[in-house]
2 protein chains.
Amino acid sequence: MVKQKEPSKGERTRKTILDSAYGLITEQGYAATSMRQIAEKAGLSLGSIYNHFPSKQDVFKAIVLERHPMIQIIPLLGSIQGRTVDEFVQNAAHALIKQLGRHQPELINLMLTEIVEFKGAHMPLVFEKMVPRMLQVAERLSQLDGELRPIPRPIMLRAFAGTFLFYYVTESLLGPAMPPEMRANALDHFVDIYLHGILVKETA
Amino acid sequence: MVKQKEPSKGERTRKTILDSAYGLITEQGYAATSMRQIAEKAGLSLGSIYNHFPSKQDVFKAIVLERHPMIQIIPLLGSIQGRTVDEFVQNAAHALIKQLGRHQPELINLMLTEIVEFKGAHMPLVFEKMVPRMLQVAERLSQLDGELRPIPRPIMLRAFAGTFLFYYVTESLLGPAMPPEMRANALDHFVDIYLHGILVKETA
DNA sequence: CCTACCGATCGGTAGG
DNA sequence: CCTACCGATCGGTAGG
């Protein structure tokens with residue numbers, strides 16, 4: 001265990017503000033959330049927030065850099081187990097969905113709010129932290145049991161991210177609106193299609 | 001050709017307002033766009049807008065119901081050609097990407113704005129129009145040459161939508177931030193993985 | 001950390 | 001279709 005420093009009063013207040021802003025912004029969007037709402041929910045006066053953040057934009061920036069789903073996922077990628085490609089991919093899909101699901105729908109709204117209201121201005125920074133990790137995973141994938149088709153590894157990774165992220169997004173947003181036939185065991189089927197798609201076909 | 005009625009003055013003004021609002025909202029988001037901005041861009045006074053729409057929300061609703069990507073795509077689905085599953089899927093992917101790409105990045109922003117700022121409130125209505133079309137396509141898919149694996153057709157369709165939509169979204173938003181290895185021929189690879197994933201494996 | 005305030009801008013309406 | 005206005009709310013700051 002890593003020993004945590006006791007947070008100072010200022011650090012605690014800062015966290016309170018971020019928690020409050022996180023809840024409101026992921027629920028209402030950035031422009032629709034006022035500094036007054038954030039202050040009230042944090043149990044502070046409006047002016048006090050400006051002792052911790054110079055502007056509303058800076059509050060949002062701090063949230064993105066500390067809580068964006070892509071950043072939340074980074075530590076998880078290293079700990080996925082699996083002997084074969086099959087096992088590894090299935091474990092990864094379920095671990096990621098589980099992790100993201102714990103914070104539903106806040107994380108997805110944070111992601112989309114950043115894209116819509118800031119035109120993805122923070123994405124290069126966020127993505128920069130992700131890429132090396134993804135390439136590591138691609139490398140690892142090549143060393144597992146199971147013959148992979150001749151598809152560039154980074155593309156394979158991107159397709160994997162797509163498979164499960166799209167599942168997650170549609171499930172969160174359209175779930176109740178979809179007919180049941182589109183939902184039953186969907187994640188398992190998605191993973192199955194993906195695996196079948198990247199592995200060399202065995203002679204039946 | 002279907003003969004179009006001459007639009008009345010009121011209809012033309014309405015369209016001018018929607019065009020103006022569409023441009024601003026897809027660029028800035030809903031909350032960040034004011035009725036005054038919309039009026040100015042449309043060459044009208046603020047008050048005049050309220051002769052055509054009862055509220056700001058109604059302006060947005062009209063835009064979603066007439067221009068949401070899912071609704072834009074509907075007419076396209078029926079005209080996809082292809083003798084084999086392989087051909088059909090490839091044609092569909094490229095046709096859809098081409099159609100969506102023509103309106104980039106407005107369409108994607110419209111979609112995401114609706115989700116973030118309205119919590120997908122209009123989605124059931126939009127989706128309702130899509131489902132019968134998708135099921136038609138699923139039916140057609142079964143009749144093409146090429147043996148499909150035993151995966152429920154609606155799931156197969158959802159996975160397809162996911163494949164190309166995720167390609168489209170990541171390309172639009174992360175394109176420049178991605179390393180080249182993640183981008184080269186990505187759509188073709190995605191389609192390849194998908195096709196390999198849904199077709200019964202041939203004995204080599 | 002709070003109170004009290006600033007100018008600006010918002011969605012919407014009355015009246016013509 | 002416009003002018004002129006309403007009350008409400010915004011992000012941010014001065015001063016203590």
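Sequence lines set the chain letters: A, B, ... in the order given, protein chains first and strands last, and positions in each chain run from 1.
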Original post:
Side chains of Ser48(B) and Asn51(B): is there a donor and an acceptor less than 3.5 Å apart?
Top reply: no
Subject >> Lys61(B) to Phe53(B) six-membered ring, cation-pi geometry met (6.0 Å, 45°) >> reply: no
Subject >> Salt bridge flag under 4.0 Å for residues Lys15(A) and Glu66(A) >> reply: no
**OP:** Using a 4.0 Å cut-off on protein heavy atoms (strictly under), produce a 5'-to-3' string for nucleotides 2-13 of chain D with B for base contact, S for backbone-only sugar-phosphate contact, and - for none.
**Re:** BB-B----BBBB
Original post:
Who does dT3(C) pair with, Watson-Crick or G-U, both distances under 3.5 Å?
Top reply: dA14(D)
**OP:** Could you verify whether a donor N or O on one side chain and an acceptor N or O on the other, from Asp58(A) and Ser55(A), lie under 3.5 Å apart?
**Re:** yes
Original post:
Any idea which heavy atoms bring Ser142(A) and Leu148(A) closest together, and the distance?
Top reply: CA-CD1, 4.3 Å
